[in-house]
Each structure stands twice: as structure tokens, then as C-alpha cells.
Undergrad: 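I have a structure I would like to understand better, so I am pasting it below and will then ask my questions one at a time.
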Amino acid sequence: MPELPEVETIRGALAPLLAGRTVLAAGAHPSAKFSSAPRAVGRTVVDVRRRGKYLLADLAPAAGAPRAELVVHLGMTGQLGPDLDPDGPHARAWWRLDDGTTLVFRDVRRFGRIAVLDDGDHSALPTLAALGPEPFGDGFTPEGLWRALGRSTSRVKTQLLAQRVVAGVGNIYADEALWRAGIHPAARRVGRQRAARLHAAVRGALADGLADGGTTLRDYRTVDGGEGRHQAALACYGRARQPCLRCGTTLRRSVVDGRGTTSCPACQR
DNA sequence: GGCTGGCCCTGTACGC
DNA sequence: TGCGTACAGGGCCAGC
């Protein structure tokens, strides 16, 4: 499942391919999740940015229309690249560019989403509109995280996944960060010191994933079709019934607000 | 306004 | 071998 490290890896590879390119033609699956993709036709990509798990391609003004953004969320199984088959069974959208390449969005489970929005108007995507601070930005601080967590009575893992206290964390890196911080995923109260540990753990888990080009468990692929390398370095996620790397206790699998969760019953309190 | 749980969606694993 | 069922989970939304 693409989270911040995977989306950032894709962004870094896509940006030089798309910047300055004009979209000549496009097609999309009829589902409302994807059908707005052709609205990018006639536009020139200025830059490709990332917010949380969203990719945002800035589109230059065209024919009297103001600036716009092509927003892509990869969902669970989304792949984006120039080497995918636009006629393949799971292709959900494609854009033909003025250099002859065709960018294809493939998404087996259709949990992804595409939108072409007026510049800065994210009201059609509530999670994007309410997105919390970027984890590597100055806006994400230990104090701010502690205060944000304290504003809700939801479980700490649920808050991390909701994208409001910090952007870009999904199930893999939430489990990893909570394990690093020694915090139980179902905890509803996190003190100032533990929030500071969680702040460092979120940054550390995401940075390590980013350095490895992301985590490939099944569907995630880089723009050139390669796999991430971080799956071999996971300390917690997916290691249920195996010994905790810190204390040796057998890691336990549970369900926290409907999400599969792995944690250590001894060192995550 | 905040929280909870159901739904979407399809490939894979597993049991019978 | 083939069929049915459970499961995976990010974001949205209805209901409380």
C-alpha cells in the first residue's frame, strides 16, 4: 500500500518525466473515481508535488482557464508509470504527452482516486483538504503532535491513519512508528514524553522507508517497474508470531478499529 | 462536531 | 479440481 515513502519515490521519478510536458489526449474508466482524468488535456505540467499520500501535478493555465491541479491518490494497489499497458485489464486512466510517452494509472482494487481541481481548491477531497502537517516539515513538532493527539479520544493508531495529526502515514509505517516509540496502538492517551518519542519514531520510520525506495509487499512498484527494498527491514508490520527484535516477546496480531495491527505485548504499553 | 462502523473493490489464500 | 468464503485496507459517508 503506497504511503509517504512510496509516493515520494514515485514523485521523484515522475517529476522529471512530466515537468514541461503537455497532455495531448487522455482516457479514463467511467467510475467517478477516475473519470475526471481527461480534464487535464491541453494543459502543461509545471511541477509534480506530494502532500501526504497524494500526488499533485500543477497544471499551467490554458485557454482562459486558471491554474489547476491533477491529483492522484494511489489507494491500495495503484501504480503510475509510462511503461504500463493503457489497454490492460486494470488500467483506470491514461494521459498521452507531447513527447510521445503515455502515463498510465493502473489500480487493481480501484481504491485509488483521480481528480482535476481548480488550483488550491481541495474541497472535493476532504482528507486532502484537512491534511495534517508534513512529517519532515517545520509544522510537525513534538509539542504539536502531543496537542493534536490530546484533542481526540480516538486510539493513537487511528489518529495516525486519519492523516490529520500528521500526513502520509499508513498501516505499515503506523505499526513501525508505534513499535519504535513503545506505544500500544490502541492507546487513547499519549503523554508529552511519549508523544515526543512518537514524533521521532514517525520521522525515523518514514525516513528509513524513503531511503529504501519504499516497501513492496505485493502491488507497490516504482515508476520503472522495480520493487522497494524496505520490506526486509520492517521490525513490526507483518511479523506477527515472530519474536520482537527489541525484547524477544512474540509479536501479536490484533485488529484496531478495523485495521490489521501488529504490536509487541511486552514493550508497547 | 466527533466518533464508529460499513462500504467500496478484486486478487489471493484457504477450507471443504 | 472447483467452488465458496474470508481477508487485505484508505478514504468516504451515514448514523449515532
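Within every chain, numbering begins at 1; the chains are lettered A, B, ... in the order of the sequence lines, protein sequences first and strands thereafter.
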Undergrad: Atom CZ of Phe105(A) and atom P of dC9(B): how far apart are they, to the nearest Å?
TA: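 Rounded to the whole Å, the gap is 14 Å.
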Undergrad: Heavy atoms from C-beta onward define the side chain here; which of dC3(B), dA8(C), dG11(B) lies closest to that of Ser154(A)?
TA: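 Within the option list, the nearest is dC3(B).
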Undergrad: Within the distance-only criterion (no hydrogens, no angle test), does the side chain of Thr101(A) pair as donor or acceptor with the backbone N or O of Pro82(A) below 3.5 angstrom?
TA: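 The answer is no, because no donor-acceptor pair under 3.5 Å joins these two groups.
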Undergrad: Compare the minimum distances between each of dC7(C), dT4(B), dC9(B) and the side chain of Arg110(A), then state the nucleotide with the smallest one.
TA: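 For the Arg110(A) side chain, the nearest candidate turns out to be dC9(B).
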Undergrad: Whole Å only: how far is the CZ atom of Arg106(A) from the P atom of dC9(B)?
TA: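 About 18 Å, once rounded to whole Å.
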Undergrad: Could you tell me the separation between the OH atom of Tyr237(A) and the C1' atom of dG10(C), rounded to a whole number of Å?
TA: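 Spelled out: OH on Tyr237(A) to C1' on dG10(C) is 12 Å.
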Undergrad: Keeping the roles fixed (side chain from Arg239(A), backbone from Ala235(A)), state whether a donor-acceptor pair exists under 3.5 Å.
TA: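 Yes, Arg239(A) side chain to Ala235(A) backbone: donor-acceptor pair under 3.5 Å.
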Undergrad: With respect to the side chain of Thr153(A), which nucleotide from dA8(C), dG10(C), dC3(B) is positioned closest?
TA: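 My answer, after comparing the listed nucleotides, is dC3(B).
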Undergrad: Check Lys53(A) with Glu3(A), please: is the shortest side-chain N to carboxylate O separation under 4.0 Å?
TA: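 No.
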Undergrad: Check whether any side-chain nitrogen or oxygen of Arg188(A) sits under 4.0 Å from OP1 or OP2 of dT4(B), and answer yes or no.
TA: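 So the side chain of Arg188(A) is within the cut-off, an N or O lying under 4.0 Å from OP1 or OP2 of dT4(B).
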Undergrad: Which residue, Arg259(A) or Arg164(A), contacts DNA chain B at a nucleotide closer to its 5' end, judged by nearest heavy atom?
TA: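 Comparing both residues, the 5'-ward one is Arg164(A).
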Undergrad: Any side-chain N or O of His73(A) less than 4.0 Å from the OP1 or OP2 oxygen of dG11(C)?
TA: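 Yes, within the criterion.
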Undergrad: Checking contacts here: which listed nucleotide (dC13(C), dC3(B), dG11(B)) is nearest the side-chain heavy atoms of Pro126(A)?
TA: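 Looking only at side-chain atoms, Pro126(A) lies closest to dC13(C).
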Undergrad: Looking at every strand, decide which applies to Arg155(A) at a 4.0 Å heavy-atom threshold: base, sugar-phosphate, or nothing.
TA: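 No contact.
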Undergrad: Can you find a donor-acceptor N/O pair under 3.5 angstrom joining the side chain of Arg113(A) to the base of dG11(C)?
TA: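 Donor-acceptor pair under 3.5 Å: no.
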Undergrad: With respect to the side chain of Ser152(A), which nucleotide from dC3(B), dC9(B), dT4(B) is positioned closest?
TA: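 Output: dC3(B).
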Undergrad: Roughly how many Å is it from NZ in Lys157(A) to P in dG10(C), rounded to a whole number?
TA: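 Checked: the NZ to P distance equals 8 Å.
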Undergrad: Give Phe34(A) one of three labels, base, sugar-phosphate or nothing, depending on what nucleic acid heavy atoms sit under 4.0 Å from its own.
TA: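 Nothing: the residue Phe34(A), judged by heavy atoms under 4.0 Å, touches no strand.
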Undergrad: For Met76(A) and for Leu128(A), find the nucleotide of DNA chain C with the closest heavy atom, then tell me which residue's nucleotide is more 5'.
TA: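 Taking each residue's closest nucleotide, the earlier one in sequence belongs to Met76(A).
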Undergrad: OP1 or OP2 of dG11(C) less than 4.0 angstrom from a side-chain nitrogen or oxygen of Lys33(A), does that happen here?
TA: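 For Lys33(A), the contact criterion (side-chain N or O under 4.0 Å from OP1 or OP2 of dG11(C)) is not met.
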Undergrad: Nearest to the side chain of Gln163(A), heavy atoms from C-beta on, is which of dG11(C), dT10(B), dA8(C)?
TA: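 Shortest atom-to-atom distance from the side chain points to dG11(C).
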Undergrad: Just call it for Gly75(A): base, sugar-phosphate, or nothing, with non-hydrogen atoms closer than 4.0 Å on any strand.
TA: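 The answer is nothing, as Gly75(A) stays clear of every strand by at least 4.0 Å.
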Undergrad: Using whole Å, report how far CG of Leu161(A) lies from P of dG5(B).
TA: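 In whole Å, dG5(B) P lies 15 Å from Leu161(A) CG.
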Undergrad: Write down the distance between CG (Asp107(A)) and P (dC9(B)), rounded to a whole number of angstrom.
TA: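 In whole Å, dC9(B) P and Asp107(A) CG are 11 Å from each other.
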Undergrad: Would you mind telling me which residue lines up with the more 5' stretch of DNA chain C, Ala162(A) or Arg109(A), judged by nearest nucleotide?
TA: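 On the 5' side of the pair lies Arg109(A).
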Undergrad: To the nearest angstrom, how far is Asn171(A) atom CG from dC7(C) atom C1'?
TA: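 It works out to 13 Å between those atoms.
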Undergrad: Does a side-chain N or O from His90(A) land closer than 4.0 Å to OP1 or OP2 of dC9(B), or not?
TA: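 No, outside the criterion.
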Undergrad: Just the rounded figure in Å: distance from C1' of dA8(C) to CG of Asp257(A).
TA: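 So the CG-C1' distance, Asp257(A) to dA8(C), works out to 17 Å.
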Undergrad: Tell me which nucleotide among dG11(C), dC13(C), dA8(C) gets nearest to the side chain of Tyr54(A).
TA: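 Output: dG11(C).
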Undergrad: Cation over ring, Arg246(A) on Trp179(A), under 6.0 Å and within 45°?
TA: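 Checked: cation-pi criterion met.
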Undergrad: Would you call Asp107(A) and Arg92(A) a salt bridge, using N to O less than 4.0 angstrom?
TA: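 A salt bridge is absent here (no side-chain N lies under 4.0 Å from a carboxylate O).
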Undergrad: What's the separation between atom CG in Leu74(A) and atom OH in Tyr54(A), rounded to the nearest 0.5 Å?
TA: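 Answer for the CG-OH pair, Leu74(A) versus Tyr54(A), is 11.0 Å.
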